[in-house]
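The structure appears right after this line, and notes come after that.
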Amino acid sequence: MNATPNPNAGPTAALREAIAAAIAELHPGVPAAGLERPPRPEFGDYSTNVAMLAAPLIGEPPRDVAARLIPALEQRLGDSLDRIEVAGPGFLNLHMSEGWFRAAAELIADRGRRFGSDVAERRSRVLVEFVSANPTGPLTVASGRHLAYGDSLARILEFAGHEVSREYYLNDAGSQIELFGASIAARMTGDEVPEGGYEGDYVADLGRQVAAEHGEDLDRAELGRIGVELMLAGIRATLERSRVEFDSWASERSLHDAGATEKAIADLRGRGLVYDHEGAVWLRTSEFGDDKDRVLIRADGAPTYFAADIAYHRDKLERGFDLLIDVLGADHHGYVDRMRAAIVAFGAPAETFEVSIMQMVNLVEAGERARMSKRRGDFARLDDLLDDIGVDATRFFMLMRSHETPIDIDLGLARTHSSDNPVYYAQYAHARVCSLFRTAGERGRETGDEPAPEGSLEQAERALIGRLLEMPDQIRRAATRREPHGISTYVREIAADFHAFYRDCRVVGAGPGLEQARLTVSAATRDSIATLLGLLGVEAPEEM
RNA sequence: GCCCCGGUAGCUCAGCUGGAUAGAGCGCCGGCCUUCUAAGCCGGAUGUCGCAGGUUCGAGUCCUGCCCGGGGCGCCA
């Protein structure tokens with residue numbers, strides 16, 4: 001990758017480079033191939049398919065190419081290698097030495113919470129916009145999924161080495177705010193809630209609260225403003241208990257006040273992309289891949305939501321970000337093409353704008369769709385879910401599946417305080433290691449300079465270290481694919497491997513050298529789990 | 001009609017951008033605590049990877065067509 005290797009990328013990076021160098025030496029021009037973890041233990045610790053990729057380019061059988069690579073690899077890897085062999089259709093299977101594993105564990109433990117960090121190929125300035133729920137109601141369970149995803153993605157991108165900002169876009173202007181005020185007014189006086197208004201019982205609660213604090217004679221605009229203020233305070237509180245901290249809050253009203261919408265439209269008009277038709281003002285989004293052109297200013301003179309959002313995204317671009325990620329619900333996917341068209345219209349590359357489309361979340365209780373609220377016009381509130389199953393389970397369950405898949409959260413399972421519950425399973429592994437260190441006392445790793453006896457590396461120990469070494473790749477993958485759920489899968493795999501290690505490998509009192517070596521593996525495990533749970537926004541308790 | 005997402009074990013889902021005999025959890029059955037946390041571990045089985053073609057040494061993964069489910073296609077936000 002570059003001249004100064006990142007120590008947090010671990011020894012697998014060096015392995016990959018050795019393979020690339022070996023193939024480059026024998027057959028220049030062949031692209032470097034992958035380093036994989038084979039599916040079965042007898043296939044070794046790592047395998048590569050270089051020979052199979054190179055064979056058609058060279059015009060030789062894959063197994064022959066593989067065989068000729070062996071000396072080059074043996075020379076480069078030396079003691080790291082026990083043996084290397086050609087297998088199957090032309091794989092090269094690498095069996096690493098005990099010393100290599102011991103050294104790898106040392107390295108991971110030495111890097112601690114930094115292991116796997118800064119692995120991004122190039123550093124970018126990223127803005128992640130998520131939640132952005134209208135301040136006309138409390139956050140819902142769906143918002144909970146958005147928040148878990150957006151925040152975790154931001155944490156992962158940051159850890160991978162990017163500069164990340166988290167932003168909440170507040171729709172605090174426009175017709176829905178007026179409607180909100182009118183709805184509160186209606187609930188205060190007992191009138192019918194206006195057409196398309198806010199029917200939830202929380203609006204009535206809000207009305208009572210406002211009346212108590214500000215009196216009864218307020219006009220709708222004031223009611224709307226006060227209502228938004230109160231709702232926003234609630235949203236902020238819910239975000240805080242969900243462990244989400246935004247770096248910035250963008251306000252639609254502020255954009256309007258600054259004339260940003262007019263400026264954005266003028267900018268686009270200057271680029272010859274705006275035209276008038278049937279009394280409305282249109283943007284030629286169809287020139288940039290959208291199905292049809294879109295209205296910016298309605299015939300009645302009012303700007304559309306789209307126009308305001310264009311101004312907002314123009315503002316994001318002007319703030320100098322390389323990458324804008326919007327986290328949106330599945331019902332907004334039709335919006336993506338036109339927004340990207342606007343981004344391109346401003347002269348930014350299409351890849352600057354990315355959207356993560358979130359599928360829905362259902363709560364399931366005993367196999368049936370759970371209703372978390374029986375109140376009129378109300379919906380599943382995130383606060384109720386947090387009260388029920390806690391923050392850790394909420395965030396973890398939201399991140400167990402791909403964001404592109406609808407999820408059912410099994411409330412019974414999420415409430416369970418046993419290993420059946422995946423979040424406790426992972427947390428317990430962390431607590432167990434911590435307990436191990438409490439038992440081991442203050443005998444630090446630095447006191448042991450005696451090496452572990454040759455032949456002491458158990459299968460379970462080897463498997464655990466191999467698993468921990470996946471960290472840099474797992475981080476890179478989760479970051480580049482914008483998939484936090486890979487992290488939740490990975491942390492459970494580490495937990496499972498640790499539990500097996502714990503069963504098979506006595507640590508405290510294992511004997512001179514060996515106890516030290518196993519404490520090193522344990523420390524590496526503890527720090528890796530803490531890192532990964534941290535990326536999910538889940539606590540890593542020292543005791544359970 | 002067009003666009004997006006999904007279809008993998010009884011259920012909920014992973015599957016590392018094309019690799020070796022497709023995995024995990026839940027649920028079901030059975031076993032394991034006088035030593036570092038049993039919130040743990042071990043064993044037991046079930047698959048037309050929605051269907052049909054295609055690409056190639058090799059396809060759950062890529063391409064085409066179709067079927068089913070969900071969502072979206074506004075001068076709403």
Side-chain angles (χ1 to χ4, degrees), chain A residues 34 36-40 42-43 47 49 52-53 55-56 61-62 87-91 93 134 136 171 174-176 179 196 252 277-282 291-292 294-306 308-309 329-337 357-360 364 367 400-410 412-413 416-425 427-429 431-440 470 473-474 476-478 480-481 483 485-486 488-490 492-493 495-496 498-500 502-510 515 518 522 543-544:
Chain A
E36 298 164 33
R37 297 243 294 148
R40 302 157 64 80
E42 57 275 30
F43 294 156
S47 72
N49 59 350
M52 286 185 282
L53 294 180
F91 287 104
N93 290 342
N134 286 345
T136 50
N171 297 117
S175 52
Q176 79 277 9
L179 195 56
E252 183 183 357
H277 178 65
E278 292 181 351
V281 177
W282 298 70
D291 295 339
K292 56 180 182 181
R294 306 290 170 174
V295 171
L296 295 174
I297 299 176
R298 289 183 275 254
D300 66 6
T304 58
Y305 173 85
F306 180 48
D309 217 17
D331 56 342
H332 282 71
H333 99 266
Y335 193 70
V336 176
D337 281 348
I357 293 293
M358 307 295 297
Q359 294 297 322
M360 50 187 43
V364 175
M400 283 202 303
R401 314 282 186 235
S402 160
H403 61 94
E404 294 180 328
T405 306
I407 44 171
D408 294 334
I409 292 187
D410 182 337
L413 181 63
T416 306
H417 285 231
S418 81
S419 63
D420 291 348
N421 185 338
V423 64
Y424 289 107
Y425 182 79
Q427 289 180 317
Y428 178 65
R432 222 176 185 186
V433 198
C434 290
S435 161
L436 206 105
F437 276 95
R438 283 192 294 272
T439 307
E470 292 177 18
D473 287 336
Q474 294 280 359
R476 195 181 297 114
R477 174 181 154 82
T480 56
R481 295 170 56 143
E483 288 181 350
H485 80 279
S488 94
T489 303
Y490 178 50
R492 271 136 69 213
E493 289 170 345
F498 173 74
H499 289 309
Y502 186 87
R503 178 195 69 237
D504 291 346
C505 302
R506 180 74 203 183
V507 178
V508 178
E515 174 180 318
R518 288 183 173 166
S522 301
E543 293 179 75
M544 290 176 75

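The shown structure was predicted, so the numbers you read here are calculated from the model rather than taken from an experiment.
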- Query: Starting at CD of Glu36(A) and ending at C1' of C16(B), how long is that distance when rounded to a whole Å?
  - Reply: 9 Å
- Message: Please determine whether a side-chain nitrogen or oxygen atom of Arg298(A) lies at a distance below 4.0 Å from atom OP1 or OP2 of C76(B).
- Response: yes
- Message: Checking Glu42(A) now: which residues fulfil salt bridge (charged side-chain N to carboxylate O under 4.0 Å, His left out) with it, not counting sequence neighbours?
- Response: Arg40(A)
- Item | Touch class at under 4.0 angstrom, heavy-atom based, for Arg294(A) against every strand present | nothing
- With RNA chain B as reference, determine whether Arg401(A) or Asn93(A) sits nearer its 5' end, using the nearest nucleotide of each. Arg401(A)
- Heavy-atom distance under 4.5 Å between the side chains of Arg401(A) and His485(A), does that happen here? no
- Task: State whether Lys292(A) places a side-chain N or O below 4.0 Å from either non-bridging phosphate oxygen (OP1 or OP2) of G74(B).
- Result: yes
- Between G15(B) and U34(B), how far apart are the P atoms? Round to whole Å, please. 41 Å
- Task: Looking at every strand, decide which applies to Ala330(A) at a 4.0 Å heavy-atom threshold: base, sugar-phosphate, or nothing.
- Result: sugar-phosphate
- Query: Using the rule for Phe, Tyr, His and the six-membered ring of Trp, do Phe43(A) and A20(B) stack at under 5.5 Å and under 30°?
  - Reply: yes
- Whole Å only: how far is the CD atom of Glu483(A) from the C1' atom of C13(B)? 14 Å
- Message: Base, sugar-phosphate or nothing for Arg506(A)? Non-hydrogen atoms, less than 4.0 Å.
- Response: base
- Query: Taking O4'-C1'-N9-C4 for purines and O4'-C1'-N1-C2 for pyrimidines, is C33(B) syn (within 90° of 0) or anti?
  - Reply: syn
- Task: Indicate yes or no for a side-chain donor-acceptor contact from Arg518(A) to the backbone of Arg506(A) under 3.5 Å, with no hydrogens or angles considered.
- Result: yes
- To the nearest Å, how far apart are Leu296(A) CG and A77(B) P? 12 Å
- Query: Is Asp410(A) reaching over with its side chain to a backbone N or O of Leu413(A), donor-acceptor style, under 3.5 angstrom?
  - Reply: yes
- Item | Presence of Tyr425(A) side-chain N/O under 4.0 Å of C41(B) phosphate oxygens OP1/OP2 | yes
- Write down the distance separating the C1' atoms in A59(B) and A20(B), rounded off to the nearest Å. 14 Å
- Query: For Glu278(A), which contact category applies under a 4.0 Å heavy-atom criterion: base, sugar-phosphate, or nothing?
  - Reply: base
- How far, in whole Å, is G18(B) from U64(B) if one measures between their P atoms? 15 Å
- Task: Mind calculating the distance between CZ (Arg492(A)) and C1' (G15(B)) to the nearest angstrom?
- Result: 13 Å
- Query: What nucleotide among C36(B), A14(B), A77(B) has an atom nearest to a side-chain atom of Ser435(A)?
  - Reply: C36(B)
- On a plain distance test, is the side chain of His333(A) in donor-acceptor contact with the base of G72(B) below 3.5 Å? no
- Flag the pair Leu296(A) / Trp282(A) as yes when at least one side-chain heavy-atom distance between them is below 4.5 Å, and no otherwise. no
- Task: With the side chain of Ala500(A) defined as its heavy atoms from C-beta on, choose the nearest nucleotide among A20(B), C36(B), C42(B).
- Result: C42(B)
- Message: Could you tell me how far G25(B) sits from C33(B) if I compare only their C1' atoms? Round to whole Å.
- Response: 24 Å
- Message: Using a heavy-atom cut-off of 4.0 Å across all strands, would you classify Gln474(A) as base, sugar-phosphate, or nothing?
- Response: nothing
- Query: So, is Thr405(A) near the phosphate of A14(B), with a side-chain N or O under 4.0 Å from OP1 or OP2?
  - Reply: yes
- Query: Reckon Asp473(A) touches a base, only the sugar-phosphate, or nothing at all at heavy-atom distances under 4.0 Å?
  - Reply: nothing
- Query: Do the rings of Tyr305(A) and Tyr335(A) sit parallel, tilted or perpendicular, given the 30° and 60° boundaries?
  - Reply: tilted
- Message: What does the 5'-to-3' dot-bracket notation of RNA chain B look like when only Watson-Crick and G-U wobble pairs under 3.5 Å count, and pairs to other strands show as |?
- Response: (((((((..((((.....[...)))).(((((.......))))).....(((((..]....))))))))))))....
- Item | Between G71(B) (C1') and His332(A) (NE2): distance, integer Å | 12 Å
- Between Arg298(A) and Thr304(A), is any pair of side-chain heavy atoms under 4.5 Å apart? yes
- Query: Closest heavy-atom contact between Ala429(A) and Phe498(A)?
  - Reply: O-CE2, 3.9 Å
- Item | First encountered from the 5' end of RNA chain B, between Pro422(A) and Asp504(A) | Pro422(A)
- Please examine the side chains of Met400(A) and Ile407(A), heavy atoms only from C-beta on, and report whether any two atoms are closer than 4.5 Å. no
- Query: How long is the line joining CG of Leu53(A) and P of G18(B), in whole Å?
  - Reply: 11 Å
- Message: Side chain of Arg477(A) only, heavy atoms from C-beta on: which candidate in G19(B), A77(B), G15(B) is closest?
- Response: G15(B)
- Query: Under 4.0 Å: is that the gap between some side-chain N or O of Arg438(A) and OP1 or OP2 of C36(B)?
  - Reply: no
- Item | Span that lies between the P atom of C32(B) and that of C49(B), in whole angstrom | 39 Å
- Name the nucleic acid region contacted by Met52(A), choosing base, sugar-phosphate or nothing; use a 4.0 angstrom heavy-atom cut-off, strictly under. base
- Item | Nearest listed nucleotide, side chain of Tyr305(A), among A39(B), A77(B), C75(B) | A77(B)
- Task: Answer yes or no: is there a side-chain heavy-atom contact under 4.5 Å between Arg438(A) and Glu543(A)?
- Result: yes
- Item | Candidate nucleotides C36(B), G15(B), C75(B), ranked by approach to the side chain of Thr439(A) - the nearest | C36(B)
- Query: Contact class for His485(A) vs. all strands (heavy atom < 4.0 Å): base, sugar-phosphate, or nothing?
  - Reply: sugar-phosphate
- Message: Need the glycosidic conformation of U8(B): syn if within 90° of 0, anti if not. Which one?
- Response: anti
- Which nucleotide in the set G19(B), G6(B), C75(B) lies at the smallest distance from any side-chain heavy atom of Glu404(A)? G6(B)
- Evaluate the side-chain proximity of Leu179(A) to Thr136(A): yes if any heavy-atom separation is below 4.5 Å, no if none is. no
- Ignoring hydrogens and angles, are the base of A20(B) and the side chain of Ser47(A) linked by a donor-acceptor pair under 3.5 Å? yes
- Using only heavy-atom distances, decide whether a donor-acceptor pair under 3.5 angstrom links the side-chain of Asp331(A) to the base of A77(B). no
- Note on the structure: Output for pair (Met360(A) CE, Asp408(A) CG), nearest 0.5 Å, gives 11.0 Å
- Task: Kindly point out which of A38(B), A39(B), A77(B) is positioned nearest to the side chain of Tyr502(A)?
- Result: A38(B)
- Message: Taking the P atom in each of C62(B) and G19(B), what is the distance between them to the nearest angstrom?
- Response: 11 Å
- Whole angstrom value for the distance that separates P of C33(B) from CZ of Arg503(A): 14 Å
- Item | Nucleotide nearest Arg481(A) (side chain, heavy atoms from C-beta), chosen from A14(B), G6(B), C16(B) | C16(B)
- In whole angstrom, give the distance that lies between atom NE2 of His403(A) and atom P of C4(B). 16 Å
- Whole-Å P distance, C5(B) and A45(B): 38 Å
- Message: Between U8(B) and G47(B), how far apart are the two C1' atoms, rounded to whole Å?
- Response: 8 Å
- Query: Ring-on-base stacking between Phe91(A) and G19(B), under 5.5 Å between centres and under 30° between planes: is it there?
  - Reply: no
